[in-house]
J.: 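Okay, here's the structure, questions in a sec.
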Amino acid sequence: MSDLTFETESHASPRSVEERTALMANPGFGKVFTDHMVIARYSAGRGWHDAKVTARAPLPLDPAAAVLHYAQEIFEGLKAYRTADGGAALFRPEANARRFRLSAERMAMAPFPEEAFIEAQRRLVEIDRAWIPDTPGGSLYLRPFMIATEVFLGVKPASEYLFVTIASAVGSYFKDPTGTVTVWLSEHFTRAAPGGTGAAKCGGNYAASLAAQAEAARHQCEQVVFLDAAERRYIEELGGMNVFFVFGDGTLVTPPLSDSILPGITRDSIITLAREDGLTVREVPYTIDAWREDVRTGRLTEAFACGTAAVITPIGRVRGREDDFTIGNAVAGPVAQRLRTRLVDIQRGLAEDRHGWFQRVF
Ligand SMILES: *Cc1c(COP(=O)(O)O)cnc(C)c1O
């Protein structure tokens, strides 16, 4: 049990109803932030302390804070959904709390107590409840993160950390939520290597993926698909989403978890839901050569990316140095659509939740 208790200091001058309504009319993704944040501090002597819900404000940070030099940083991403009765719910927050602890371990950071992690999310959703969109694709995106704040330029795990959660009112991640995305096959850059930090949710993995993302954008692709760093043959994942392949015989394939693949909670939920639906899900390595061949023969009928931010997004086209192929006429396929509906309905409390995933906040 964690004995960390959160004080609440409400914002003295939150934005007006008019300002908030205008900001939320077309929020996009990750641009519109709420009035509050949660913070807590850690020092090696005192453990976690000074936890509070407070007005959202810039963080005071010494220029020698370790995070600014050696990137000792982790984050999470989860959503609060509006329910039909005007309440709000989180989806599997304990899975995010656990992954946050595992990410901290990998980055040699102080673990944040899992119960306190969940409480921080609930507190923020409660105090900023007016910022949860009630539009069909809208939600309140929660971004917990932790940074090394110790003032020291030596290279070692820091002895001081800051935990923060901010929240953003969001619409859908991609411009056209019913459409498909085109992915760029990154043959030069890799995202994560065996023994590296690919399974931890840390900013450094994203920093390492941006040159590939820029390369993708230059080729009119929205996302990057990364191959394994050792053999450059196996599909691993997208820059921030896991990937599934759908076959005409009702089989789904997704790359098996390893220390270079982020264990997505959406990925895990989809595996469960697909199996309940009678589909066979195989967590097996899948090569780029097999992908080309299975599309050519028509054996593969769909491919989709998945993650909290983008939910399930069908992949319509794959481009690369020597590749340009289309999957299923580049429209959203029936398996991806069906799984998406099943998942979203559970998240919003519209369908039976057999797994205890739906966690009401109020
Ligand atoms: C967060 C993330 C995902 C998706 O994880 P979810 O828990 O489903 O949101 C996939 N890949 C990477 C690299 C990520 O950072």
Side-chain angles (χ1 to χ4, degrees), residues 29-30 71 73-81 90-104 106-107 114 117-118 121 139-146 165 168 170 172-174 181 183 186 189-193 196-213 216 222-229 234-244 252 254-274 281 283 303-313 315 336 339-340 342-344 346-347 355 357 359:
F29 192 93
E73 186 269 359
I74 57 169
F75 67 96
E76 269 300 326
L78 66 164
K79 284 173 170 174
Y81 304 88
L90 295 168
F91 183 73
R92 306 184 69 180
E94 70 295 337
N96 295 94
R98 177 166 177 274
R99 189 170 65 190
F100 196 65
R101 178 173 59 73
L102 296 174
S103 295
R106 176 63 185 84
M107 304 303 285
E114 292 179 45
F117 177 99
I118 296 170
Q121 310 313 305
S139 57
L140 187 68
Y141 185 78
L142 300 165
R143 168 51 60 87
F145 63 100
M146 196 205 302
T165 300
S168 172
V170 301
S172 59
Y173 188 78
F174 290 112
V181 292
V183 297
S186 178
F189 299 113
T190 58
R191 189 191 82 91
T197 58
K201 211 166 172 74
C202 65
N205 290 338
Y206 280 74
S209 76
L210 294 178
Q213 184 64 39
E222 285 105 330
Q223 287 287 316
V224 180
V225 58
F226 287 101
L227 299 174
D228 75 288
Y234 300 102
I235 311 284
E236 295 226 302
E237 63 168 307
L238 274 56
M241 285 169 245
N242 296 110
V243 63
F244 280 81
L252 261 64
T254 191
L257 295 180
S258 70
D259 56 4
S260 57
I261 293 183
L262 198 289
I265 296 161
T266 316
R267 172 190 181 279
D268 183 73
S269 307
I270 288 169
I271 292 173
T272 301
L273 294 178
V281 184
E283 296 177 69
F304 62 83
C306 67
T308 297
V311 197
I312 289 181
T313 301
I315 298 171
L339 286 168
R340 186 189 163 99
R342 291 261 286 133
L343 182 64
V344 169
I346 296 172
Q347 288 169 337
H355 309 282
W357 290 345
Q359 308 252 322

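We count ligands from 1, going down the list as the structure has it; atoms in each ligand are counted the same way.
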J.: Tell me, yes or no, whether the heavy-atom count around R143 atom CZ, taken from other residues, nucleotides or ligands under 6.0 Å, exceeds 12.
T.: yes
J.: Only counting residues at least two apart or in another chain, list the ones meeting ring pair (Phe, Tyr, Trp, His ring centres under 6.0 Å) with F226.
T.: none
J.: Enumerate the protein residues lying less than 4.0 Å from ligand 1, judged by heavy-atom distances, in chain and residue-number order.
T.: R99, R191, K201, Y206, E237, G239, G240, M241, N242, L262, G264, I265, T266, G307, T308
J.: What's the spacing between I74 CD1 and T197 OG1 if we round to 0.5 Å?
T.: 12.0 Å
J.: Does T254 reach the side chain of E283, with side-chain heavy atoms less than 4.5 Å apart?
T.: yes
J.: Can you find a heavy atom in the side chain of F100 that is under 4.5 Å from one in the side chain of M146?
T.: yes
J.: Hey, do the aromatic rings of F29 and Y141 have their centres closer than 6.0 Å?
T.: yes
